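This report refers to the structure that appears directly beneath it.
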Number of protein chains: 2
Amino acid sequence: MIRVLIADDQAMIRSGLRLILEDEPDITVIAEAADGVEAIEQARRLRPDVCLVDIRMPRADGLEVTRALAGPAVPDPLRVVVVTTFDLDEYVYGALRGGATGFLLKDAGPALLVEAVRAAHHGDALVSPSVTVRLLRHLTAPPREPDESVRALSDREVEVVREIARGRTNLEIGAELFISLSTVKSHVSTIQTKLTLRNRTEIAVWAWANRVV
Amino acid sequence: MIRVLIADDQAMIRSGLRLILEDEPDITVIAEAADGVEAIEQARRLRPDVCLVDIRMPRADGLEVTRALAGPAVPDPLRVVVVTTFDLDEYVYGALRGGATGFLLKDAGPALLVEAVRAAHHGDALVSPSVTVRLLRHLTAPPREPDESVRALSDREVEVVREIARGRTNLEIGAELFISLSTVKSHVSTIQTKLTLRNRTEIAVWAWANRVV
DNA sequence: TCTGCATGGCGGCCAATCGTGCCGACGGCG
DNA sequence: CGCCGTCGGCACGATTGGCCGCCATGCAGA
């Protein structure tokens with residue numbers, strides 16, 4: 001049986017969530033909290049398997065509650081699923097960085113709510129599809145095309161950039177690529193003019209900022 | 001009505017998926033494919049709202065199918081939900097980079113399957129909770145604690161590191177922090193000895209690699 | 001075919017910057 | 001009191017960056 005704590009300042013929402021969850025044979029709601037501080041106290045006392053936490057709450061908002069119950073510094077963290085009406089990016093990242101094991105929008109539908117609770121109980125994380133799609137863009141968009149400027153570089157120059165971005169000196173790069181010191185230097189020079197960078201550190205920074213690494 | 005194409009080489013799985021989906025009033029399965037090439041052809045011809053694609057298939061695997069139907073180069077991409085038994089990282093990243101609008105493990109349960117199809121139809125993405133939890137680790141793990149070595153640095157030294165990581169020269173750093181060139185240089189030296197790095201580029205690399213930036 | 005042009009490799013020269021060592025000074029803290 | 005961090009100075013050599021050349025290759029267009 002999965003023991004759930006519900007934290008939301010609106011009684012209507014609380015009973016709605018409770019109705020949905022109590023309908024499932026493997027889930028039981030053991031407590032409700034109407035604000036953040038209460039949520040933290042109840043959770044610490046009862047240690048539910050899963051905490052369903054709204055973002056907007058008095059006294060302590062959902063992000064604070066999440067950090068208090070599941071943050072990186074907490075000795076043995078609880079499973080927290082954050083629920084909200086607003087899918088603002090700050091909320092999402094705040095919640096997930098704060099240790100949340102799930103992020104649900106209130107328009108997600110009962111099935112996802114139930115699945116999110118079950119997943120959280122397993123230690124897995126269910127994130128609302130509309131939020132996930134944005135997270136994925138951040139995660140996979142990096143295949144951004146060469147940024148226009150990488151195209152300006154020849155293959156060999158890109159190799160040199162990569163070496164610089166690993167902290168190699170010109171001499172080491174020469175040894176690595178089997179070319180002489182002077183060749184390396186001329187490559188570095190052309191790289192600098194092509195990218196309008198002033199020194200090798202800027203090249204390294206550029207490489208890291210543009211995922212060339 | 002959401003029109004779905006099912007692609008899986010095992011007939012048993014196909015009919016299982018079909019049974020689950022046909023149970024929903026808003027979903028209909030319009031075609032099945034037993035291998036990757038067939039899946040691509042059918043999808044291009046019928047243009048279903050959502051394609052449910054297994055990873056392991058003959059002739060063309062699920063990743064190739066995904067890229068062919070939803071890849072970045074495809075003019076108007078279809079919605080593809082990748083289904084697999086194995087949650088290998090290569091599969092996950094391959095699928096999501098390939099343009100998948102969902103990633104499901106076969107042990108996910110019917111509810112998630114249905115929700116994944118609905119989400120995909122909306123243009124959203126549902127990812128299996130057990131996979132999501134790993135993705136989030138990659139996304140939010142960066143809160144790795146100071147790596148032991150940052151602690152070794154004084155506040156002032158960290159400032160200098162940050163400036164170096166932006167490509168600034170010592171003189172510029174001095175102007176930025178209102179200290180003299182020689183002070184900057186002594187800071188840089190101590191930073192190098194503390195972190196056992198050999199030059200400023202390595203400091204910049206270290207900063208980026210350790211999210212100090 | 002000859003002629004550009006880009007790429008890659010090599011060298012020298014010189015000035016600026018960087019890296020290092022070694023020095024002294026001050027203030028806060030155990 | 002000594003230690004440590006912060007700040008500053010000076011000198012030296014190493015490294016880098018800018019600016020010249022030179023040569024070979026390969027590819028596209030006149």
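Chain letters run A, B, ... following the sequence lines, proteins first, then strands; residues in each count from 1. Since the structure is predicted, the reported quantities are computational estimates derived from the model, not experimental observations.
With sequence neighbours left out, the salt bridge (Lys or Arg N to Asp or Glu O under 4.0 Å) criterion links A:Asp76 to A:Arg47. Take A:Arg156 and apply the salt bridge (Lys or Arg N to Asp or Glu O under 4.0 Å) test, not counting sequence neighbours, and it matches A:Glu159. A:Glu32 is linked by a salt bridge (Lys or Arg N to Asp or Glu O under 4.0 Å) to A:Arg14, A:Arg18, counting only residues two or more places apart in sequence or in another chain. Every side-chain contact (heavy atoms from CB on, under 4.5 Å) that B:Leu171 has, sequence neighbours left out, goes to B:Thr169, B:Leu181. Contacts of A:Asp49 classified as side-chain contact (heavy atoms from CB on, under 4.5 Å), with partners at least two apart in sequence or in another chain: A:Ile2, A:Arg3, A:His121. Among residues two or more places apart in sequence or in another chain, the salt bridge (Lys or Arg N to Asp or Glu O under 4.0 Å) test is passed with A:Glu41 by none. For B:Ala95, the side-chain contact (heavy atoms from CB on, under 4.5 Å) partners at least two apart in sequence or on another chain are B:Leu63, B:Val82, B:Ala100, B:Phe103.
Within the 3.5 Å criterion, the main-chain N or O of B:Ser130 finds no donor-acceptor partner in the side chain of B:Ser128.
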Contact list (N/O, under 3.5 angstrom) for nucleotides 23-25 of chain D vs protein:
none

Dump every N/O contact between nucleotides 24-30 of chain C and the protein below 3.5 Å, one line per pair.
none

Heteroatom pairs (N/O) under 3.5 angstrom, protein to nucleotides 6-9 of chain D:
residue: D:dT6; atom: OP1; partner: B:Ser154; partner atom: OG; Å: 3.1
residue: D:dT6; atom: OP2; partner: B:Ser154; partner atom: OG; Å: 2.1
residue: D:dC7; atom: OP1; partner: B:Arg156; partner atom: NE; Å: 3.3
residue: D:dC7; atom: OP1; partner: B:Arg156; partner atom: NH2; Å: 3.4
residue: D:dC7; atom: OP2; partner: B:Arg156; partner atom: NE; Å: 3.1
residue: D:dC7; atom: OP2; partner: B:His187; partner atom: NE2; Å: 2.9
residue: D:dG8; atom: OP2; partner: B:Ser180; partner atom: N; Å: 2.9
residue: D:dG8; atom: OP2; partner: B:Thr183; partner atom: OG1; Å: 2.8
residue: D:dG8; atom: O5'; partner: B:Thr183; partner atom: OG1; Å: 3.3
residue: D:dG9; atom: OP2; partner: B:Ser180; partner atom: OG; Å: 3.4
residue: D:dG9; atom: OP2; partner: B:Ser182; partner atom: OG; Å: 3.4

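Listed by first and then second residue, the salt bridge (charged side-chain N to carboxylate O under 4.0 Å, His left out) pairs that reach into residues 195-209 of chain B are A:Glu172-B:Arg198, B:Arg198-B:Glu202, sequence neighbours excluded.
For the helix from C:dT1-D:dA30 to C:dG30-D:dC1, the terminal axes (five pairs an end, C1' atoms, rotation from four pairs onto the next four) enclose an angle of 40°, given to 10 degrees.
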